[in-house]
Amino acid sequence: MTTLTLAKALNEGLRAAMEDDPKVLIMGEDVGKLGGVFRVTDGLQKDFGESRVIDTPLAESGIVGTAIGLALRGYRPVCEIQFDGFVFPAADQIITQLAKMHLRSLGKVKLPVVVRIPSGGGIGAVEHHSESPEAYFTHTAGLRVMACSNPVDAYHMIQQAIRCEDPVIFFEPKRRYWDKAEIDKDATPLPLDRGKIVRPGDDVTVLAYGPMVKTCLEAANAVERERSLEIVDLRSLSPLDTELIFESVRRTGRCVIAHEAALYSGLGAEIAARITEACFYHLEAPVLRVGGFSTPYPPSRLEDHYLPDLDRVLDAVDRTFTY
């Protein structure tokens, strides 16, 4: 067992993938000599060389476009988008090329590209550095979308994403980069497209992913004498592990979905619709959602008011018992 922060777990996972397969490349802004702004790629260029850990220009469209070309030649590129708000210049390459090449070629071409995106708020950053753009990509057929929430999953999931033959958008919760956990590197991880019950419960199913998993666990701990909350870490946002979600909701009869992204047209709306369609006769109350407000992400002094916290999660839980 090794104790690692989430950022270091990603670093170790990337290192293991590069040692395992010489076709794995890392590319992005400041990923080499600097080791990334969050030091996720620290030391990798020194150990694997500039031909495998590549400092790129400030050009996200060029980073992903180059990765697509490399994947066509048999490489497995891992792109780092330095901050979540910087991914939008690359959206054209991701949506019109990366996501569609497999179908366009009738299955003959695979693009095993991983696009790593530090996402979410909570670090006191400036504009464009605290976005939650996952719904843009879950809406795009042809992409797998993953979100790790803890060091253990970070270590294993990044390696699984790199081995995957499909393009993967990999969200990393930047305000959890410094959280620590013990990791068994030899453990057999869950399949990449499976969610996980991280705290069993009987009264309410609480679905979360990325940075909100820890918040929801804290909420469950706060009311454990009054209510039994089942916390489900979705992990895979596309495809969804609907089997796990539906089984939990049918057992508890109530559901709250929590994410940092704005509620309007957020991923929680899709999940709520699916639960209503599949579990209608098991529900004791409407599926409720907790999320950010439908505004641009605010200046850092106001982000504590914007980000969903323990109280907002528990308020939604309480409301499910008023029906």
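The salt bridge (charged side-chain N to carboxylate O under 4.0 Å, His left out) check on Asp21 picks up Arg76, with sequence neighbours excluded. Partners of Arg289 by salt bridge (charged side-chain N to carboxylate O under 4.0 Å, His left out), not counting sequence neighbours: none found.
In this structure, the side chains of Val256 and Thr320 come closer than 4.5 Å at one or more pairs of heavy atoms. Under the 4.5 Å side-chain criterion, counting only non-hydrogen atoms from C-beta, Asp153 is in contact with Asp233. For the pair Arg116/Ile158, a side-chain contact is recorded, criterion being any heavy-atom separation below 4.5 Å from C-beta on. Between Phe171 and Cys148 the shortest side-chain heavy-atom distance does not fall below 4.5 Å. Here the side chains of Asp179 and Lys214 are in contact, with some heavy-atom distance below 4.5 Å. With contacts defined as side-chain heavy-atom distances shorter than 4.5 Å, the pair Leu192/Met146 qualifies.
Taking Ile, Leu, Val, Met, Phe, Trp and Tyr as members and joining any whose side-chain heavy atoms lie under 4.5 Å apart, directly or through other members, the hydrophobic cluster of Phe293 also contains Tyr297, Tyr306, Leu307. Ile183 belongs to a hydrophobic cluster whose other members, connected by ILVMFWY side-chain contacts under 4.5 Å either directly or through intermediates, are Leu4, Val152, Tyr155. Side-chain heavy-atom separations under 4.5 angstrom define the hydrophobic clusters, and Leu302 shares its cluster with no other residue.
A salt bridge is absent between Lys196 and Asp241: the closest approach of a Lys/Arg side-chain nitrogen to an acidic carboxylate oxygen does not fall below 4.0 angstrom. Ion pairing of Asp84 with Lys174 is present here, as a side-chain N (NZ or NE/NH1/NH2) and a carboxylate O approach within less than 4.0 Å. By the 4.0 Å N-to-carboxylate-O rule, Glu230 lies too far from Arg254 to be salt-bridged with it. Between Asp193 and Arg235 there is no salt bridge, since none of the side-chain N atoms of the basic residue sits less than 4.0 Å from a carboxylate O of the acidic one. The existence of a salt bridge linking Glu243 and Arg194 is excluded, since no basic side-chain nitrogen approaches an acidic carboxylate oxygen closer than 4.0 Å.
No option in Val168, Ile169, Val115, Leu237 other than Ile169 meets the side chain to side chain contact (heavy atoms under 4.5 Å, CB included) test with Leu143.
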Identify all side-chain donor-acceptor contacts of residues 198-213 below 3.5 Å with residues at least two apart in sequence or on another chain.
unit_1 : atom_1 : unit_2 : atom_2 : d
Arg199 : NH1    : Asn221 : OD1    : 2.4
Arg199 : NH2    : Glu224 : OE1    : 3.1
Asp203 : OD2    : Ser228 : N      : 2.8
Thr205 : OG1    : Ser248 : O      : 3.3
Thr205 : OG1    : Ser248 : OG     : 2.7
Thr205 : OG1    : Thr252 : OG1    : 2.9
Tyr209 : OH     : Glu134 : OE2    : 2.6

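Side-chain rings of Phe86 and His129 approach one another, their centers coming within less than 6.0 Å.
Classified by interplanar angle (parallel below 30°, tilted 30° to 60°, perpendicular above 60°), the ring pair Phe38/Tyr177 is tilted.
For Gln45 and Arg52, the side-chain atoms include no donor-acceptor pair closer than 3.5 Å.
The cationic group of Arg227 lies under 6.0 Å from the six-membered ring centre of Phe321 and within 45° of the ring axis, placing it in a cation-pi geometry.
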